[in-house]
Amino acid sequence: MIKTESNSYLLHPADIKKHDRGGGASTTPLVTAGMGASAFITGYTEFAGGAKIPFHFHNCEESVLLVEGNAIFDIDGQEFAIQPQDVTFIPAGVPHRFRNASETEPMKIMWVYGSPDANRTLVETGETRPIAAEHKS
């Protein structure tokens, strides 16, 4: 990571620590509040073959770009097959999840949350955690 005189950053994701989220998913934080982001945060989540995350929702808008692999996007009682370069927009408070469509190949998404104070609430348990707590940023 390179910080410039203007407090801008150049990030090299390969050099940033990944954080295991369990269930075959790991997250790499990219732009964070810790570096001064005041309007959004970003990162990658990688899914092993067959991995899926539970239904959840956020306190802010989210956009997800499928970077590699093939995924299933579950929302509003429907499932959508998504391919690399497909992008989603999810309003705050809307339950959703992503699943790796392959049992053997990895899948990777890039997420953008519309608040540096983004959180995730699991539908099944009601547990709410800040996104930043998942990677201590």
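We're numbering straight along the sequence, starting at 1. None of these values were measured; they are calculated from a predicted model.
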Exercise for the section: Give the C-alpha distance, both sets of side-chain angles, the deciding distance and a yes or no for side-chain contact (heavy atoms from CB on, under 4.5 Å) between Phe73 and Ile90. Expected result: CA-CA 11 Å; Phe73 173 46; Ile90 307 157; 3.9 Å; yes
Handout entry: Full working for side-chain contact (heavy atoms from CB on, under 4.5 Å) between Tyr113 and Ile131
Key = CA-CA 9 Å; Tyr113 293 111; Ile131 299 298; 3.7 Å; yes
Practice task
I would like to know whether Phe55 and Asp74 meet side-chain contact (heavy atoms from CB on, under 4.5 Å); could you show each step before the answer?
Solution key: CA-CA 8 Å; Phe55 277 98; Asp74 295 309; 3.6 Å; yes
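A distance-only check finds no donor-acceptor pair linking the side chain of Asn100 to the backbone of Ala51 [under 3.5 Å]. The main-chain N or O of Ala92 is never found under 3.5 Å from a side-chain atom of His58 such that the two would form a donor-acceptor pair. When atom types are taken as modelled, the side chain of Thr88 and the backbone of Val64 share a donor-acceptor pair closer than 3.5 angstrom. Here the side chain of Asp20 pairs no donor or acceptor atom with the backbone of Ser26 at under 3.5 angstrom. Using modelled atom types, no side-chain atom of Asp76 and backbone atom of His96 make a donor-acceptor pair closer than 3.5 Å. Checking side-chain atoms of His12 against main-chain N and O of Leu10 turns up no donor-acceptor pair under 3.5 Å.
Atom CG of residue Leu11 and atom OG1 of residue Thr32 lie 8.5 Å apart, to the nearest 0.5 angstrom. With values rounded to the nearest 0.5 angstrom, Asp86 atom CG is found 13.0 Å from Ile109 atom CD1. With values rounded to the nearest 0.5 angstrom, Glu62 atom CD is found 5.5 Å from His56 atom NE2. Ile16 CD1 to Thr27 OG1: the interatomic distance, rounded to the nearest 0.5 Å, is 12.5 Å. Interatomic distance, CG of Asp117 versus SG of Cys60, reported as 9.0 Å (0.5 Å rounding). Note that the CZ atom of Phe57 and the CZ atom of Arg97 stand 16.0 Å from one another [nearest 0.5 Å].
There is no path of hydrophobic side-chain contacts, each under 4.5 Å, that joins Ile41 to Met1. Hydrophobic clustering (ILVMFWY, side-chain heavy atoms < 4.5 Å, transitive): Ile72 and Val123 are in distinct clusters. Val112 and Val67 fall within a single hydrophobic cluster, where Ile, Leu, Val, Met, Phe, Trp and Tyr side chains are chained together by heavy-atom contacts under 4.5 Å. Under the 4.5 Å side-chain heavy-atom criterion for Ile, Leu, Val, Met, Phe, Trp and Tyr, Phe98 and Phe80 are members of the same hydrophobic cluster.
Cation-pi check for Lys3 over Tyr9 is not met; the charged atom does not lie both under 6.0 angstrom from the ring centroid and within 45 degrees of its normal.
Proximity of Leu66 to Met107: side-chain heavy atoms (C-beta onward) are separated by under 4.5 Å at one or more points. Side chains of Pro29 and His19 form a contact here, defined as non-hydrogen atoms less than 4.5 Å apart. Looking at heavy atoms from C-beta onward, Asn70 lies in side-chain contact with Pro84 at the 4.5 angstrom threshold. Considering only heavy atoms from C-beta on, Leu30 comes within 4.5 Å of Met110 through its side chain. The shortest distance between side-chain heavy atoms of Phe47 and Lys52 does not fall below 4.5 Å.
Here the closest non-hydrogen pair linking Leu122 and Pro54 is CD2-CG, 3.9 Å. Here the closest heavy-atom approach between residue Ala25 and residue Ile53 is recorded as CB-CG2, 4.2 Å. The two residues Val87 and Ser63 come nearest to each other via the heavy atoms CG1-OG, 3.4 Å. Of all the heavy atoms in Pro116 and Phe40, the pair that sits closest is CD-N, 4.0 Å.
Summarising the local packing, NZ of Lys108 is surrounded by more than 12 heavy atoms from other residues, nucleotides or ligands at distances under 6.0 Å.
A donor atom on one side chain and an acceptor atom on the other are found under 3.5 Å apart for Trp111 and Thr45.
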